[in-house]
Amino acid sequence: FALMPHQLRAAQEEGVAAFTGGVEPKEGDITLNAPEIAENGNTVPISVDAPGAEEVMVFALGNPSPDVVKFKFGRLAGSHTASTRIRLAKTQNVVAVAKMPDGSFVKTQKEVKVTIGGCGG
Amino acid sequence: MQRVRPRVRVPRTAAAGEVITIKTLISHPMESGQRKDDDGNIIPRRIINRFTCEFNGETVVDVALEPAISTNPYFEFEAKVPESGEFKFTWYDDNGEVYELSKAIEVK
């Protein structure tokens, strides 16, 4: 069983659309840091920074399931920055989308080349 | 199975209104539900699905985790410290268990 390319793209867009409620994200004030090359896809360090954002969600478009993590920032967040470590199955685009207080969304993406994939057995 | 053990790093003191960096790590397999055992059976998913940090009852961050978060989930973020008090960290496991840790901080 394998997804056809157009089905795969639909699944990826569904993840982002589910987060944005169908609103098209624009380019804007959001930064995603990730390595250009990740030797081990099991643990890839990333960080996001989206000043003023209420929420930031990260997607790995080449993973079996594109959703990765969603950060919701509260009143006592010292910044709208967070770092974590993620799994990437293969070389792919990692996308970060931020929800702004006015209901708009901004996004950015970065390609990460993965030497050894991080989702299999 | 390894024991689940949460760890956090929080400064002991801060100035009023200071922004501090917090680092958290919890030992956990984060079984993705995608892997198979030697007999070809899917190993059931078991991940930490939510992590929260509060200070004196107010939210700092509330994180929703998916299986794409690595083994031993690690988070680093910043918090504003308006007064002396306590950070409370909570991790929610797919199996229903909840792991908690608190750290006091003193405003000088």
Side-chain angles (χ1 to χ4, degrees), chain A residues 12 15 18-19 33-34 38 40-51 53-90 92 94-96 99 112 114 116-121, chain B residues 10-11 14 17-26 29-43 45 47-83 85 87-88 105:
Chain A
Q12 293 165 0
F19 176 57
N33 284 310
N40 180 359
N42 279 308
T43 174
V44 181
I46 62 153
S47 71
V48 292
D49 181 23
E54 287 177 351
E55 297 179 10
V56 176
M57 189 156 178
V58 179
F59 303 89
L61 300 188
N63 273 4
S65 168
D67 293 2
V68 174
V69 65
K70 182 168 76 178
F71 298 100
K72 208 181 284 185
F73 296 102
R75 200 179 68 82
L76 289 184
S79 64
H80 298 101
T81 302
S83 308
T84 187
R85 298 172 186 147
I86 70 171
R87 293 169 169 154
L88 295 176
K90 58 181 182 188
Q92 60 180 283
V94 178
V95 174
K99 180 184 182 188
V112 180
V114 175
I116 302 166
C119 282
Chain B
V10 179
E18 190 181 343
V19 170
I20 59 157
T21 298
I22 293 178
K23 296 180 182 186
T24 74
L25 184 73
I26 186 165
M30 292 295 279
E31 192 58 60
S32 69
Q34 307 263 356
R35 298 196 313 143
K36 291 179 179 168
D37 65 18
D38 293 341
D39 299 326
N41 304 310
I42 297 228
I43 304 171
R45 176 183 133 151
I47 68 167
I48 300 280
N49 56 58
R50 185 179 175 209
F51 163 70
T52 62
C53 169
E54 293 175 356
F55 181 73
N56 290 350
E58 284 238 41
T59 303
V60 178
V61 289
D62 187 338
V63 186
L65 292 74
E66 302 292 336
I69 293 295
S70 302
T71 306
N72 306 331
Y74 165 82
F75 292 108
E76 182 179 331
F77 51 92
E78 294 183 316
K80 211 178 291 171
V81 186
E83 72 245 344
F87 282 101
K88 187 176 165 201
I105 187 164

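Naming convention: chains lettered A, B, ... in sequence-line order (proteins, then strands); numbering from 1 in each chain.
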*asked:* Within this structure, what is the CD-CG distance for the pair B:E78 and A:L76, rounded to the nearest 0.5 Å?
replied: 13.5 Å
*Structural part of B:V63 lying under 4.5 Å from a heavy atom of chain A*: both
*asked:* Could you report the tightest heavy-atom contact between A:R85 and B:L25, atom names first, then the distance?
replied: NH1-CD1, 4.1 Å
*Could you pull out the closest heavy-atom pair between B:E58 and A:R75, with the gap in Å?*
OE2-NH2, 2.6 Å
*Separation of A:S83 OG from B:K23 NZ (nearest 0.5 Å)*: 9.0 Å
*Closest heavy-atom contact between A:N63 and B:A68?*
ND2-CB, 3.7 Å
*Hey, is the main chain of A:I86 close enough, under 3.5 Å, to the side chain of B:S70 for a donor-acceptor pair?*
yes
_Pairs flagged by salt bridge (Lys or Arg N to Asp or Glu O under 4.0 Å) wherever residues 41-51 of chain A is involved - sequence neighbours left out_ = none
*Select one option (side chain, backbone, both, neither) describing which atoms of B:P82 are under 4.5 Å from chain A's heavy atoms.*
side chain
*To the nearest 0.5 angstrom, please state how far the CZ atom of B:F77 sits from the OG atom of A:S79.*
10.0 Å
*What residues, two or more places apart in sequence or in another chain, satisfy side-chain contact (heavy atoms from CB on, under 4.5 Å) together with B:D37?*
B:D39, B:N41, B:I43
_Need one label for B:I42: side chain, backbone, both or neither, based on atoms under 4.5 Å from any heavy atom in chain A._
neither
*Could you have a look at A:G74, A:S47, A:P45 and say which one has the most heavy-atom pairs with chain B under 4.5 angstrom?*
A:G74
*Report the distance from atom CD1 of B:I69 to atom OG1 of A:T84, rounding to the nearest 0.5 Å.*
4.0 Å
*Any chance the side chains of A:R87 and B:T71 put a donor and an acceptor closer than 3.5 Å?*
yes
*asked:* Quick check for you: to the nearest 0.5 Å, what is the distance between B:D62 atom CG and A:F73 atom CZ?
replied: 11.0 Å
